[in-house]
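This report concerns only the one structure given below.
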Amino acid sequence: MVALAALLAVSACSKDALVTRAEYDAEWAAAYFLGTDGPGSVGYYRLSLAQGRTDEDLALVSSGAVLNLQLTAPVAEGLGLPDGTYRGSTERETAFTYNYGQVQPDNSVAGSYVGIRPGTSKPMQYYPVGEGEASIVFGRDGGYEISVRVKAESRTFVFTYGGPVETYDCAEPGL
């Protein structure tokens, strides 16, 4: 499916044409609960979706793509991701949003980003995420249905995932 999306997006007449839309069926997903704001009205998560093999730092060790969204959600019972539609924002304190990504002075990316590794001999490329939308629905079967469509570097990235999402508690004591 990825190859088909890339093939359709690239002009057959030009080798220099950029892929403007890439679609990925994520093979796994994980969520990391990072804590709550001071009053405890919103919780912070990092949602990671990946197609391809990754190391412990979520860097791809095979060709593929990863998506990391910094989510702000209403505080919920337990650690699971709250259902809802999340939209991009610069406001970290607003529920049902994700933080835009930003390139830092050292060329790293803070906030939400897409990482792509086109081949095993090539380095990962990171793109800060801009506008878009993420839909997260928890099903009765205990799995999630996740669909994300975001813009990054004049490209549209679409990630879909269906299945379990392990949530890890990474909140520091006292948050």
Q | Thr54 vs Trp28 side-chain heavy atoms within contact, under 4.5 Å | A | yes

Q) Do Thr156 and Thr20 touch side chain to side chain, with heavy atoms closer than 4.5 Å? A) no

Nearest 0.5 angstrom please: [X] [atom1] to [Y] [atom2], how far?
| X | Y | atom1 | atom2 | result |
| --- | --- | --- | --- | --- |
| Asn99 | Leu71 | CG | CG | 8.5 Å |
| Ile116 | Ser63 | CD1 | OG | 11.0 Å |
| Ile136 | Thr85 | CD1 | OG1 | 9.0 Å |
| Leu34 | Tyr44 | CG | OH | 10.0 Å |
| Tyr161 | Leu67 | OH | CG | 13.5 Å |
| Tyr168 | Ser48 | OH | OG | 10.5 Å |

ILVMFWY cluster, [X] and [Y] together (side-chain gap under 4.5 Å):
| X | Y | value |
| --- | --- | --- |
| Tyr32 | Val66 | no |
| Val158 | Tyr98 | no |
| Val109 | Leu60 | yes |

Looking only at heavy atoms, which two atoms of [X] and [Y] are closest? And how far apart?
| X | Y | value |
| --- | --- | --- |
| Pro128 | Gln102 | CB-N, 3.8 Å |
| Ala134 | Val148 | CB-CG2, 3.8 Å |
| Ser147 | Thr160 | OG-CG2, 4.2 Å |
| Val165 | Ala31 | CG1-N, 3.8 Å |
| Pro123 | Pro118 | O-CD, 4.1 Å |

Just jot down the ring pair (Phe, Tyr, Trp, His ring centres under 6.0 Å) partners of [X], sequence neighbours excluded, or say none.
| X | answer |
| --- | --- |
| Phe159 | Tyr24 |
| Tyr100 | none |
| Tyr45 | Phe33 |
| Tyr144 | Phe138 |

Q: State which residues pass side chain to side chain donor-acceptor pair (under 3.5 Å) with Ser41; sequence neighbours excluded, sorted by chain then number.
A: Asp37

Those residues that, when tested against [X], pass side chain to side chain contact (heavy atoms under 4.5 Å, CB included) (two or more places apart):
| X | result |
| --- | --- |
| Ala95 | Val42, Pro74 |
| Thr94 | Glu91, Thr97 |
| Ala76 | Pro82 |

Q: Any ring pair (Phe, Tyr, Trp, His ring centres under 6.0 Å) involving residues 46-73? Give me the pairs, sequence neighbours left out, ordered by first then second residue.
A: none

Q. With a distance cut-off below 6.0 Å to the six-membered ring centre and an angular limit of 45° from the axis, does Arg149 pair with Phe157 as a cation-pi contact?
A. no

Q) According to the side-chain hydrogen bond (donor to acceptor under 3.5 Å, both in side chains) rule, which pairs have a member within residues 105-115, sequence neighbours left out? A) Asn68-Tyr113, Asp106-Ser108

**Q.** Sequence neighbours excluded - side-chain hydrogen bond (donor to acceptor under 3.5 Å, both in side chains) pairs with any residue from residues 121-134
**A.** Arg87-Glu133, Gln125-Tyr127, Tyr127-Arg155

Q) Donor-acceptor pair, Glu27 side chain versus Gly52 backbone, under 3.5 Å? A) yes

Q: Scan for salt bridge (charged side-chain N to carboxylate O under 4.0 Å, His left out) pairs involving residues 43-63, sequence neighbours excluded, and state none if there are none.
A: none

